[in-house]
There are 2 protein chains.
Amino acid sequence: MNKKNGPTLVKKLSRQELVVHSKPTSRDVARAAGVSQSAVSRAFTDGGKVAPETREKILRAAEAINYVPNIHARSLITRRTGMIALVVGDITNPFYPEILDTLSKKLQTVGQRVVLFNISRDEPIDLAISGVLKYQVDGIIIASALPGISIAELSLKTYSPVVLINRTIRSAPVDTVSCDNFSAGKFLANLLLDSGHRRPAFVAGLAGASTSVERERGFREVVLARTGKEPLIANGDFTYQGGVDAARSLFENKYPPDSIFAANDIMALGVLDALRIELGLNVPKDVSVIGFDDIGTAAWPSYSLTTFRQPVSEMIDEALRLLSERISDPKRKPANVVLPGTIVLRKSARLSTKRQRKSQIASA
Amino acid sequence: MNKKNGPTLVKKLSRQELVVHSKPTSRDVARAAGVSQSAVSRAFTDGGKVAPETREKILRAAEAINYVPNIHARSLITRRTGMIALVVGDITNPFYPEILDTLSKKLQTVGQRVVLFNISRDEPIDLAISGVLKYQVDGIIIASALPGISIAELSLKTYSPVVLINRTIRSAPVDTVSCDNFSAGKFLANLLLDSGHRRPAFVAGLAGASTSVERERGFREVVLARTGKEPLIANGDFTYQGGVDAARSLFENKYPPDSIFAANDIMALGVLDALRIELGLNVPKDVSVIGFDDIGTAAWPSYSLTTFRQPVSEMIDEALRLLSERISDPKRKPANVVLPGTIVLRKSARLSTKRQRKSQIASA
DNA sequence: GTGTTTGTTGCATACGTATTCATTGATCGT
DNA sequence: ACGATCAATGAATACGTATGCAACAAACAC
């Protein structure tokens, strides 16, 4: 379309002879510096063997003609692109920008970059995956539910290392990093019951999301064992509005809850707003609310949300470690790293002081 | 390091003969389907001339061996990578995830992807730019202050189309898309004064950021003209905490303001929390607060922030239009697209009803 | 039947860089 | 002074794909 080769007029005319306004290549630099193309390549490679003065000369020439190495050509040979794919489902949940921020900063210190794959909820999953694979990324970090993805498929189709972060898959041959969601659920149930709450409720996220399911399992198990009754449960879809709706529906119940644990912070904030503003309740006096993640907003004084903090930075460190381990040994058994989280006590939950001291729980 | 070529044992051994566990290429598909490599390429190219049954055969073979085209090899020839760089400074401000979300979804519908460049505030700018250029992206969208960047440099060094979004540069030869910040500042000052406020204050963002400067200029101009006095001004650094601090400092003044316009929403929320919780003031009764951007949180009932909405989706449409126009005509004069925003009336500002009807302002 | 058009296909080459190999000049030990 | 070692460099090739060109077959008009 914007190709303007006049292919017929001239018999043989190499691109070099045409004065095309196009990005300079290593050959252009070589010519300008009076060296070979290989020398230029070596000057731009970290361990490259070049005489210091030659390198200087080359770098000056490159600077002069605004040369920048072409990463794609390089990646053809080195088989490394320096790109890590981050697959994300719901980027409007502030937890994911935090992951994105941490991840991209960590990667940039080692010269790598994040390519973002923003999966819509209704996007066919096969398409999404092969979309990622085309980019020959060095690794794939999935922080999204990926509804209906068969992991067998994933590992078959993928020659790139994959790590699931904040997601697990039962008996899956994939590396995963996550918080100890089951223990956290138990911990929070105990915390609420120890502080005198009698009717804890749970607000679940997207149906089938492992994080929500695990937190619910731990929570429900303890509540059932200690009170003899199932906790009330509502669905919040992992969104603020979902939290609002869930709170409403919980309080349509004849015996509404006296405490609510939401599977993530953004839902907890929705719950809080609904309780206070729509239902006119006092938090934490009438109802205690606890979230999960510890996003920035949770600390704002208007909310002052008590929540269970995920160790984002450590999780990403682990994810990157798993990726690089798998690069050097593709056949290694998949690892499931489980990290401990931390309760962050603020004002949205009425908790007894005794228990507050024991704020850190250990990992399984 | 993980290269295991035994280069000495065998004289000549092409890669194809070695049974390397490596990604299949178009040649592998060609062999499997009994066609030439060119046929495979054509089968995977949109307008490619191949017989329908041949294409079918090829696609089946590709599927069978999990072949995925290598985008980097393709980009060497087509000179298009399908990647758009988004340069962002402060991703923890929810406004930018919103941009990121909108942008990546729009791009994905046309088969393009976002590569994120998350610039730290202290990162040397030259490094950052050549970091971007290495990727040969089809276009660069800058939504960051890029402190101290000389635009002359930028356009010289860059052979890729560049668009500044939510940023402008005085007399710059670069395409830009932004809201009419100056008019918005004037509009909001008039709005506050019309509603009986007498001492409007302004909370500025990062020093030198064009958006903040322009909004301030319009605001100050009207306040000065109509009240005869400069508005109070505090700095908020574009962050929540900055907004908190700015509110404090404004109210250390002997004659504190009766209304505050913050240059973005996240600061306005900090202002709100500081006023209500630290200073015990009633918003909007004692003080009116207005923000800018209309991020999701602004609508939450706890804040119900009156704010000036930026037309994010339209801004991104325009940015993409400018990019593609510049691809087809690199020498076109730079355009500065200015879009109108909309006032969003909520409860954080005490405004007279009459004015509220006239909520939409026109662009300059 | 011939000549012409149309539609498919394969061959060969180019994209920009990294890397192997051979060559050269320099350095060193003796 | 002389061979041996070493550092620096260039020539040539490969990475995986797209594409111009030629070859070819089929279809068609006459």
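Convention: sequence-line order gives letters A, B, ...; per-chain numbering from 1. Model, not experiment: these values are computed from the prediction.
With C:dT9, D:dA18, C:dA18 as the choices, the nucleotide that has an atom nearest any side-chain atom of A:Ser41 turns out to be C:dA18. Distances from the side chain of B:Arg74 to the nucleotides C:dT8, D:dA18, D:dT9 place D:dA18 closest.
Residue B:Thr25 places none of its side-chain N or O atoms closer than 4.0 Å to OP1 or OP2 of D:dG16. Within the 4.0 Å cut-off from OP1 or OP2 of C:dT17, at least one side-chain nitrogen or oxygen of A:Ser26 is found. Residue A:Ser75 places none of its side-chain N or O atoms closer than 4.0 Å to OP1 or OP2 of C:dT17. OP1 or OP2 of C:dT9 has at least one side-chain nitrogen or oxygen of B:Thr54 nearer than 4.0 Å.
A salt bridge links B:Asp175 with B:Arg332: the closest approach of a Lys/Arg side-chain nitrogen to an acidic carboxylate oxygen falls below 4.0 angstrom. Salt-bridge formation is detected for the pair A:Glu325/A:Arg321: a Lys NZ or Arg NE/NH1/NH2 atom is positioned less than 4.0 Å from an Asp or Glu carboxylate oxygen. Under the 4.0 Å criterion applied to side-chain N and carboxylate O atoms, A:Asp101 and A:Lys105 are assigned as salt-bridge partners.
The aromatic rings of B:Tyr135 and B:Phe117 sit perpendicular, their planes meeting at an angle over 60°, well past the 30° parallel limit.
One can place CZ of B:Arg79 at 10 Å from C1' of C:dA14, the figure rounded to the nearest angstrom. Computed from coordinates, the A:Ile77 CD1 to D:dT13 P distance equals 14 Å when rounded to whole Å. Rounded to whole angstrom, the span from the NZ atom of B:Lys49 across to the P atom of D:dC21 amounts to 18 Å. Atoms CG (A:Leu76) and P (C:dA14) sit 17 Å apart, rounded to a whole Å. Distance A:Arg80 CZ to D:dC15 C1': 16 Å, rounded to the nearest Å. Rounded to whole Å, atom P of D:dA8 lies 12 Å from atom CD1 of A:Ile58. Atom C1' of nucleotide C:dT17 and atom CD of B:Gln136 are separated by 11 Å, given to the nearest angstrom. Between the P atom of D:dC15 and the CG atom of B:Asn70 lies a distance of 13 Å, rounded to the nearest Å.
Between A:Ile99 and A:Val88, the closest side-chain pair of non-hydrogen atoms is not below 4.5 Å. Looking at B:Asn118 and A:Gln108, their side chains come closer than 4.5 Å, going by heavy atoms from C-beta outward.
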Between N or O atoms, less than 3.5 Å apart, protein on one side and nucleotides 10-12 of chain C on the other: list the pairs.
from   : atom 1 : to      : atom 2 : distance (Å)
C:dG10 : OP1    : B:Ser36 : N      : 3.4
C:dG10 : OP2    : B:Ser36 : N      : 3.0
C:dG10 : OP2    : B:Ser36 : OG     : 2.8
C:dG10 : N7     : B:Arg42 : NH2    : 2.7
C:dG10 : O6     : B:Arg42 : NH1    : 3.4
C:dG10 : O6     : B:Arg42 : NH2    : 3.3
C:dC11 : N4     : B:Ser38 : OG     : 2.9

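Contact record, A:Asn166 with A:Tyr96: ND2-OH, 3.9 Å, taken as the closest heavy-atom pair.
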